[in-house]
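See below for the structure under consideration.
These numbers come from a predicted model, not from an experiment. Just so you know, these numbers use all the heavy atoms, side chains as well, and skip hydrogens, waters and symmetry mates.
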2 protein chains.
Amino acid sequence: MLARVSSPTFKRLPRAVREQQMLDAAVKVFSRRGFHAASMDEIAEDAGISKPMVYAYLGTKEELFVACLHREGTRLMEAIAGAAAPDLPADERLWRGLRAFFGFVGAHRDGWAVLYRQARGERPFAAEVATMRGRLVEVVASMLDHALRAKGREVRGTDLEVVAYALVGASESLADWLADHPEADPEKTATRMMNVAWLGADRLLRGVTWHPPAD
Amino acid sequence: MLARVSSPTFKRLPRAVREQQMLDAAVKVFSRRGFHAASMDEIAEDAGISKPMVYAYLGTKEELFVACLHREGTRLMEAIAGAAAPDLPADERLWRGLRAFFGFVGAHRDGWAVLYRQARGERPFAAEVATMRGRLVEVVASMLDHALRAKGREVRGTDLEVVAYALVGASESLADWLADHPEADPEKTATRMMNVAWLGADRLLRGVTWHPPAD
DNA sequence: GAGCATACCTACTCGTGCGTAGGGTTACGG
DNA sequence: CCGTAACCCTACGCACGAGTAGGTATGCTC
């Protein structure tokens, strides 16, 4: 049809760059509107590009969402892994991991947190989320396991995993809370989480357990 | 048009009854398909009624979903409130509350749990969920507060609330886990949660707190 | 500077599914 | 036995938004 007339010079950019711009826009729009309410048109417009380009580079809407989730998730995991060196004592590792986690969430209040919250519920993304959560749970569980062995104790694998699961869940919830409270301090939130997690875990590690009453 | 021909006798039922049937169907379909993938047609069909009736009685799709959430949520809260009598000691109350909670979730694995998981993410329902969660947090927080005062201790309100929030979050996560593991035992899950929650809370109540290292 | 791949666009198609218009039938009070 | 209200239906309008067809321009290679 007619040649582009309005804009002086549309920069032609290499694929890798455009992809990042699209992902940036997608994260923004997805977290503002939610997966379903977000339209590909809006994402394209926000990225300063036309819709077919988005389809050409990142695929369908679902694939695009997964791509967002994946990029942000990887960043988060790297932040945590970078902070919690495996040769530290358990409490120190836990503390650093938590601090990195809440720091990241706090710095991406309306990006990561909202995306993740969505993904947990939406069927097609459950698998992706489960994988990421699984990695976290595994890390926490192995941390507890290390500490336990160091004390000569042993706990059934399932139990450990479930406890780890609970701790990760509590962290997720506080992350939600943090995302909803712009004035809240990530560091302080991490400390609070540490209080709940460590005081409980520490006792578990010492072999103290709670049993249901005879009833 | 033509009179109904196929079925011998369509029962004409009073509104209150039909509403419950519709809600039953809606819960079923919403949790199987997810909010967006669920169609009003399918819900109507499953309820054994035609679509306009659903609109006449329960309103739009969103309103219908909220109605589901509300009915099931109320049932859950009643189950918990009925189990955790306020004149029991804190640990006993916590234990009974948790047992009721996981019992309920376990008995509604593909009803309540899935609905709630959806609602947490979907924007328009966030408010509804926040309200319910708020009630739970309040209960837990006041429980801790009672126990604290009994020991002559005092903790800043915000701290208490955040700890309660974390505990509720951990429970939600284990509820998800329970919903995803049909073979798991609710009672045992409750015990595990109690271990994490109470061992931590008990120490907090004794005035033991964890502080970040000087760094 | 011809060829070719890559970046990029406008302008559609088309399914899906919410919500409604408009009308029929059974119960029940008077 | 007649009105009126509550129950219930079939059949459609219509907007919205995912995904595509088909074409243009620009840079890079040889």
When you check the gap from the basic side-chain N to the acidic O, do B:R32 and B:E42 get nearer than 4.0 Å?
yes
Assuming nearest nucleotide by heavy-atom distance, tell me which of A:F35 and B:R15 is located more 5' along DNA chain D.
B:R15
Would you indicate what B:M53 reaches in the nucleic acid, counting non-hydrogen atoms under 4.0 angstrom: base, sugar-phosphate, or nothing?
base
Taking atom CE of B:M193 and atom CZ of B:F102, what is their separation to the nearest 0.5 Å?
6.5 Å
Please check the phosphate of C:dC8 (OP1 and OP2 only) for any side-chain N or O of A:R18 closer than 4.0 Å.
yes
Length of the line joining A:L58:CG and D:dG19:P, which is rounded to integer Å:
13 Å
For B:E122 and B:H36: C-alpha separation, side-chain torsions, deciding distance, then whether side-chain hydrogen bond (donor to acceptor under 3.5 Å, both in side chains) applies.
CA-CA 10 Å; B:E122 225 75 37; B:H36 286 279; 3.0 Å; yes
In this structure, how many angstroms lie between the P atom of C:dC18 and the CZ atom of B:F65, rounded?
14 Å
Mind calculating the distance between CD1 (B:I49) and P (D:dA6) to the nearest angstrom?
16 Å
Need one value for A:A38: base, sugar-phosphate or nothing, where a base atom within 4.0 Å counts as base even if backbone is also close, heavy atoms only.
sugar-phosphate
Using whole Å, what does the distance between atom P of nucleotide D:dG22 and atom OH of A:Y55 come to?
18 Å
Beyond-backbone contact of A:Y165 with A:R133, side-chain heavy atoms, under 4.5 angstrom:
yes
When the distance from CD1 of A:I43 to C1' of D:dG19 is rounded to whole Å, what number comes out?
14 Å
Using atom CD of B:E19 as one end and atom C1' of D:dC7 as the other, report the distance to the nearest whole Å.
13 Å
May I ask you to verify if any side-chain N or O of B:Y57 is less than 4.0 angstrom from the OP1 or OP2 atom of D:dC7?
yes
If I take atom CZ in residue A:R12 and atom C1' in nucleotide C:dC9, what distance separates them, rounded to the nearest angstrom?
11 Å
Side chain B:K51 and base C:dG19 donor-acceptor under 3.5 Å:
yes
So what does B:S39 hit on the nucleic acid, given a heavy-atom distance under 4.0 Å: a base, only sugar-phosphate, or nothing?
sugar-phosphate
Step through the shown structure and confirm whether more than 12 heavy atoms of other residues, nucleotides or ligands are within 6.0 Å of NE2 on A:H146.
no
Using whole Å, what does the distance between atom C1' of nucleotide D:dC8 and atom CD of B:E45 come to?
16 Å
